[in-house]
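Chain letters run A, B, ... following the sequence lines, proteins first and then strands; every chain starts at 1.
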Number of protein chains: 2
Amino acid sequence: MPLSAEHKERTRARILAAAGRVFRRQGYAAAAVDAVMAEAGLTRGGFYAHFPSKEALFAEVLAHDHGLIRMLAARRARSSAGWRRQTRRILGDWLAPDHLGPVREGCSFAALTADAARGGPEVRRAWGLAFERLVGELLRTPATDVDQALAMASSERRALAAQLAANAIGMLVVAAAGEDGLLRTAQAVTRAAVLEQIDRLLAS
Amino acid sequence: MPLSAEHKERTRARILAAAGRVFRRQGYAAAAVDAVMAEAGLTRGGFYAHFPSKEALFAEVLAHDHGLIRMLAARRARSSAGWRRQTRRILGDWLAPDHLGPVREGCSFAALTADAARGGPEVRRAWGLAFERLVGELLRTPATDVDQALAMASSERRALAAQLAANAIGMLVVAAAGEDGLLRTAQAVTRAAVLEQIDRLLAS
DNA sequence: CTTTTCATATGATAGTTATCATATCAAAAA
DNA sequence: TTTTTGATATGATAACTATCATATGAAAAG
């Protein structure tokens, strides 16, 4: 009998994580399948046993490989105040100037949204669902899950959360392209504004 | 004697404009030199007589092909109020939901900043200078030019202008990737916020 | 009209890419 | 231990890419 079934699953997950890193670093178009497999410690041979195409792999990355969403989803506070504090800390770290290095290769929203906009329907759909999940996580409270939060929030509050996310993504995209003092200061200003926005959002 | 000297200059400009369109549409990595030349109505042969490499062409696009900067630079108001009104109109159009289509292929900041972040030093420098020019245009008044405006503005005002630009770019990047109602509403909210920011900026 | 000169076209090259066919080989069942 | 099975590696292909060398042809000067 062949190798254990979980082994393949674990390999698939390793390829997925490697793809996220390579795509964010080089961009979707410039990232070769061979490079992704090499990053995963494999060779190209097995790739098509795990994913039907490079673009399908991209969609999968966009659907699942978002550290920010994972961190937000991991909040587990008892009190509302603790929840708010955790959310603030996660967003603050995400926009911290020192975090830019890791973020430059670490945030799929900042690194891959422009590439996702050029993708096929599957890619676009995956990105859209992930963005919606991010918005839901921003609106969520300890008492509600993502879907509930999205369903219950007014269109206005949803738009404010989406605006917050877009502001943060915009600053990360821009800050990744330049590194001078102007952008450093602007990033600090944006960070403060985003934290203020999340306070207003979670207080309502 | 050969063709007129301006002829070459005009061809170069045509290639540059074509490159902007193709790069924005397909992304830098996916855009082939042949495709750029075809868009310009030429074949690949003459390319290297105009630009030393594809990446140099990219830097040139980032340095010069920004419709927003051109529109801001074209303001010619007598009064301060007229200047402010023109600035508002340009930014408002830029972030108008209906303009998204044209903008998706029209705004180099939104379409190419992520690619610029992955470029070499020349590319990064060109992007940085263009962004700085954009910030200068936002800070400028009828009485000052871009450099003066940048030199005279406090670090805080410069940061606010950069934040405004990053907010707008972020919303365009995000809105280009998704098209649902959530993003439409968020875009409207961001548009209003940006217009408010520019009012505050120009009033001080 | 002839000649010259350079912008552009055509043709070529070396490297890369996504994808597929086939070979190998580790492990689990016998 | 032997066999089997499927995950991965190796090898191959056809297409594409950046870049360069050479050919062409149009126009301006004579």
Side-chain angles (χ1 to χ4, degrees), chain A residues 1-62 112 115-116 118-120 122-123, chain B residues 1-62 112 115-116 118-120 122-123:
Chain A
M1 281 284 171
L3 286 94
S4 69
E6 316 114 65
H7 186 239
K8 187 174 184 183
E9 192 50 47
R10 241 180 305 138
T11 302
R12 191 191 137 98
R14 221 172 64 227
I15 297 175
L16 205 59
R21 290 192 298 273
V22 175
F23 284 164
R24 286 188 291 270
R25 199 181 307 143
Q26 316 194 6
Y28 169 70
V33 171
D34 286 35
V36 168
M37 293 300 275
E39 170 92 14
L42 300 170
T43 63
R44 87 208 135 236
F47 177 76
Y48 291 90
H50 292 280
F51 301 94
S53 70
K54 185 189 172 190
E55 190 166 19
L57 171 67
F58 188 34
E60 197 99 7
V61 165
L62 290 173
L112 297 177
D115 281 343
R118 300 188 183 102
E122 235 180 315
V123 166
Chain B
M1 283 278 171
L3 287 94
S4 69
E6 320 114 64
H7 185 240
K8 187 174 184 183
E9 193 50 48
R10 239 178 308 136
T11 302
R12 192 191 136 98
R14 221 172 64 227
I15 296 174
L16 204 61
R21 289 192 299 272
V22 175
F23 285 163
R24 287 189 290 271
R25 199 181 307 144
Q26 316 194 6
Y28 170 70
V33 172
D34 285 34
V36 169
M37 293 300 276
E39 171 92 15
L42 301 169
T43 63
R44 89 209 134 238
F47 177 75
Y48 291 90
H50 293 280
F51 302 94
S53 71
K54 184 189 171 188
E55 191 167 18
L57 171 67
F58 188 33
E60 197 96 8
V61 165
L62 291 172
L112 297 177
D115 282 342
R118 300 189 182 102
E122 234 180 317
V123 166

**the helix from C:dC1-D:dG30 to C:dA30-D:dT1: angle between end helix axes, five pairs per end, rounded to 10 degrees** = 0°

**Item:** Minimum heavy-atom distance between A:Ala116 and A:Val123, given as atom pair plus value
**Value:** O-CG1, 3.7 Å

**Asked** When you check the phosphate oxygens OP1 and OP2 of C:dC6, does a side-chain N or O of B:His7 lie under 4.0 Å from one of them?
**Response** no

**Message:** Using the side-chain heavy atoms of B:Leu42, tell me which of these nucleotides is nearest: C:dT8, C:dT10, D:dT8.
**Reply:** C:dT8

**Asked** For B:Arg14, what residues pass the salt bridge (Lys or Arg N to Asp or Glu O under 4.0 Å) criterion, not counting sequence neighbours?
**Response** none

**Message:** Counting only heavy atoms not in A:Glu122 (residues, nucleotides, ligands), do more than 12 fall under 6.0 Å from its CD?
**Reply:** no

**Request:** Would you kindly give the CD1-to-C1' distance between B:Ile15 and C:dA9, to the nearest whole Å?
**Result:** 13 Å

**Asked** B:Tyr28 vs B:Phe58 aromatic rings, parallel, tilted or perpendicular, using cut-offs 30° and 60°?
**Response** parallel

Can you list, pair by pair, the side-chain donor-acceptor contacts under 3.5 Å of residues 31-41 of chain B, counting residues two or more places apart and other chains?
from    : atom 1 : to      : atom 2 : distance (Å)
B:Asp34 : OD2    : B:Arg44 : NH1    : 3.3
B:Glu39 : OE2    : B:Arg21 : NE     : 2.7
B:Glu39 : OE2    : B:Arg21 : NH2    : 3.3

**Asked** Separation of B:His50 atom NE2 from D:dT19 atom C1', in whole Å?
**Response** 16 Å

**Request:** Output every pair passing side-chain hydrogen bond (donor to acceptor under 3.5 Å, both in side chains) with a member in residues 50-62 of chain A, not counting sequence neighbours, ordered by first then second residue.
**Result:** A:Arg12-A:Glu60

Protein-nucleotides 16-20 of chain C N/O pairs under 3.5 Å:
from   : atom 1 : to      : atom 2 : distance (Å)
C:dA18 : OP1    : A:Ala31 : O      : 3.4
C:dA18 : OP1    : A:Lys54 : NZ     : 2.9
C:dA18 : OP2    : A:Val33 : N      : 2.8
C:dT19 : OP2    : A:Tyr48 : OH     : 2.5
C:dT19 : OP2    : A:Lys54 : N      : 3.2
C:dT19 : O5'    : A:Tyr48 : OH     : 3.0

**Message:** So which atom in A:Leu57 and which in A:Ala19 form the shortest heavy-atom distance, rounded to 0.1 Å?
**Reply:** CD2-CB, 3.6 Å

**Request:** Could you list the residues that satisfy ring pair (Phe, Tyr, Trp, His ring centres under 6.0 Å) with B:Phe47, not counting sequence neighbours?
**Result:** B:Phe51

**Asked** Are any of B:Thr11's side-chain N or O atoms less than 4.0 Å away from OP1 or OP2 of C:dT8?
**Response** yes

**Complete:** B:Arg14 CZ to C:dT8 C1', in whole Å, measures 11 Å

**Request:** Grab the CD-C1' distance between A:Glu9 and D:dG6 for me, whole Å please.
**Result:** 15 Å

